[in-house]
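For reference, the structure is listed below as structure tokens.
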Amino acid sequence: MIGAFEVMVGFFIMLGMMAVGIHVAVAIFTIATLGTLMYLGTPLLYSFGDTLWGTLNDFILTAIPLFILLGELLLRSGITERMYSALSVWLDRMPGGLLHTNIGASSVFAAMSGSSVATAATIGTVALPAFAERGYSERLALGTLAAGATLGILIPPSINMIIYGAITNTSIGKLFIAGILPGVALAGAFMLTIMAFTLLRPGLVGQASERSTFRERLASLVDLLPPAFVFAIVIGSIYSGWATPTEAAALGVIAALGLAAWNRKLTWKMLHECFLSMASTTAMIMLIIVAAFFLNYIVGILGIPHTLTQWVADLGLSPLGLILALVIFYLVLGCFLETLSMMIATVPIVVPMVVQFGFDPVWFGIFLVIMMEISLITPPIGMNLYVVQGVRGRGSITDVMVGSLPFLAIMLLFVLLIILWPGLVMWLPEAMG
């Protein structure tokens, strides 16, 4: 049986290849191939064909391009911009003003797109002009955009949850349900942080907008109906048992097409742009997933999960000690790797080990997603930092990094909260059976 030392050497070689810019799928497939040749022999490489065919024909993974297409349709049909304006009418009077709108809009868009990067780009494009006009602290505004967008992979539907569920054979429906309370709670924690900052330092908040009448607020609710409609169709159909996540994604796309047609935005040009973006993003993700499934297969045959579990047991770590060690591990890893790369590279090795230590795979999936969220705003590689800076188009990325630090601290405290109180994650899926 392969030893723990050899496993760690192979793992760090794979991370090293990713760190120097080799494509994630190539790095993963290279390590899987080397492990096969060194320990199992050439004939087992032929099984990659079966892995490739089986993965690309997996009904569950069909949800990925559908959710990507759903987000593109909502963005290009103007629904997101009107949603942001409507939320600003309701949230602008809270201490922090438009900063709360960033969090609220990110939460709602996350509940439709399933992608943090898409959320950061979309909400940032809509929001930044308003902040520049009204004199808000630019760093804090940028920080709320980068941190709020991380909710895109926690609030269901989430592409990362779909990938995690497919690789670990965990119920995607339960993962979606488990993400609701933590997602709402984390969004609330972000808003409380904004209120604390602005009450202590009122100068951080710019000029308030004209107070809206109650009638104007009620009228603005019309612009919140389309995203609520899409969310109800997608999530409602899953939780009621009427549809699988893949079927629910298809229903969401149909609803988004109908809304785009209603808004007179449904054109051949718009559809062409949506499908091009969907195809390129899906191709990148599926190539990585195919390599990850092959690595998962080889890891299982080599008995690596058992080897690592025994190694950790020999170290004398308790379950709590193991999970705290993983917090540090993912914090360090998040400084150098993009979230999808980090998740797919580690899940085949880490998940069997933590399950052996008694952790529920659904709970660990949410824990892992929150650690991925943290990596999205962790310098120097945090993807959301660069997306928000790219939308901003001027100045130094240091402003985005500094503005994100308070929210990074809140997310770390939130991780400790779900470790000490796992019921925050597990209560809803257990209550719904």
Side-chain angles (χ1 to χ4, degrees), residues 53-80 83 108-119 122 152-167 169-180 183 225-263 265-290 293 340 365 432:
W53 178 258
T55 301
L56 295 180
N57 285 276
D58 192 329
F59 179 71
I60 293 175
L61 294 178
T62 308
I64 293 175
L66 290 172
F67 278 122
I68 294 171
L69 179 59
L70 173 59
E72 290 289 330
L73 289 169
L74 294 170
L75 171 61
R76 299 178 191 276
S77 61
I79 291 173
T80 305
M83 174 196 74
V108 176
F109 190 78
M112 298 183 292
S113 70
S115 167
S116 287
V117 172
T119 302
T122 304
I153 60 173
L154 179 59
I155 297 177
S158 164
I159 292 173
N160 289 59
M161 288 185 191
I162 294 172
I163 296 172
Y164 172 87
I167 294 176
N169 200 28
T170 303
S171 167
I172 295 172
K174 287 187 176 181
L175 287 167
F176 281 2
I177 296 171
I180 294 177
L225 291 178
F229 174 63
V230 173
F231 180 79
I233 286 179
V234 174
I235 303 301
S237 61
I238 294 173
Y239 296 165
S240 64
W242 294 346
T244 65
T246 303
E247 293 164 345
L251 290 173
V253 169
I254 294 171
L257 286 170
L259 290 170
W262 177 267
N263 293 329
K265 297 286 187 178
L266 189 61
T267 64
W268 288 113
K269 180 181 178 181
M270 182 262 226
L271 285 176
H272 182 255
E273 292 172 348
C274 289
F275 281 113
L276 271 181
S277 180
M278 178 202 71
S280 61
T281 305
T282 301
M284 179 270 293
I285 292 175
M286 293 303 293
L287 186 61
I288 296 173
I289 291 176
V290 167
F293 267 83
L340 190 60
M432 298 184 70

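What you are looking at is a predicted structure, and each value in this text was computed from that prediction instead of being measured. Computed over heavy atoms, backbone and side chain alike; hydrogens, waters and symmetry mates excluded.
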List the atom pairs, with distances to 0.1 Å, where a side-chain N or O of residues 230-237 and a protein N or O form a donor-acceptor pair under 3.5 Å, not counting sequence neighbours.
| from | atom 1 | to | atom 2 | distance (Å) |
| --- | --- | --- | --- | --- |
| S237 | OG | I233 | O | 2.7 |
| S237 | OG | V234 | O | 3.0 |

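Minimum interatomic distance between R76 and S277 (heavy atoms only, all atoms of both residues): NH2-CB, 4.4 Å. Contact detail for L175 and G365: the closest heavy-atom pair is CD2-CA, 4.3 Å. Pairing each heavy atom of M83 with each of V108, the nearest pair is SD-CG1, 3.1 Å. Contact detail for L69 and C274: the closest heavy-atom pair is CD1-CB, 3.9 Å. Residues A248 and I238 approach most closely at CB-CG1, 3.4 Å, considering heavy atoms. Scanning both residues, L70 and A256, for their nearest heavy atoms gives CD1-CB, 3.6 Å.
Residues meeting the side chain to side chain contact (heavy atoms under 4.5 Å, CB included) test with I254, sequence neighbours left out: none. T246 is linked by a side chain to side chain donor-acceptor pair (under 3.5 Å) to nothing, counting only residues two or more places apart in sequence or in another chain. In this structure, T282 has no side chain to side chain donor-acceptor pair (under 3.5 Å) partners at least two apart in sequence or on a different chain.
Side-chain contact between S77 and L266 is absent, with no heavy atoms from C-beta onward closer than 4.5 Å. Residues P227 and F109 form no side-chain contact, since every pair of their non-hydrogen atoms from C-beta on lies 4.5 Å or further apart. Taking 4.5 Å as the limit, some side-chain heavy atom of L73 sits within range of a side-chain heavy atom of M270.
Rounded to the nearest 0.5 angstrom, F67 CZ and I159 CD1 are separated by 8.0 Å. Taken to the nearest 0.5 Å, the OG1 atom of T267 stands 7.5 Å off from the CD atom of E273. Separating the CD1 atom in I163 from the CD1 atom in I64 is a distance of 4.5 Å, to the nearest 0.5 Å.
Under the salt bridge (charged side-chain N to carboxylate O under 4.0 Å, His left out) criterion, no residue pair touches residues 241-257, with sequence neighbours excluded. Among pairs with a residue in residues 250-260, none fulfils side chain to side chain donor-acceptor pair (under 3.5 Å), at least two apart in sequence or across chains.
Side-chain N or O atoms of S158 include one that pairs as donor or acceptor with a backbone N or O of I153 at under 3.5 Å.
For the side chain to side chain contact (heavy atoms under 4.5 Å, CB included) criterion with P156, the lone passing option out of I177, I180, I172 is I180.
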- Query: Between L66 and M278, does a side-chain contact (heavy atoms from CB on, under 4.5 Å) hold up when you go through it step by step?
  - Reply: CA-CA 8 Å; L66 290 172; M278 178 202 71; over 6 Å; no
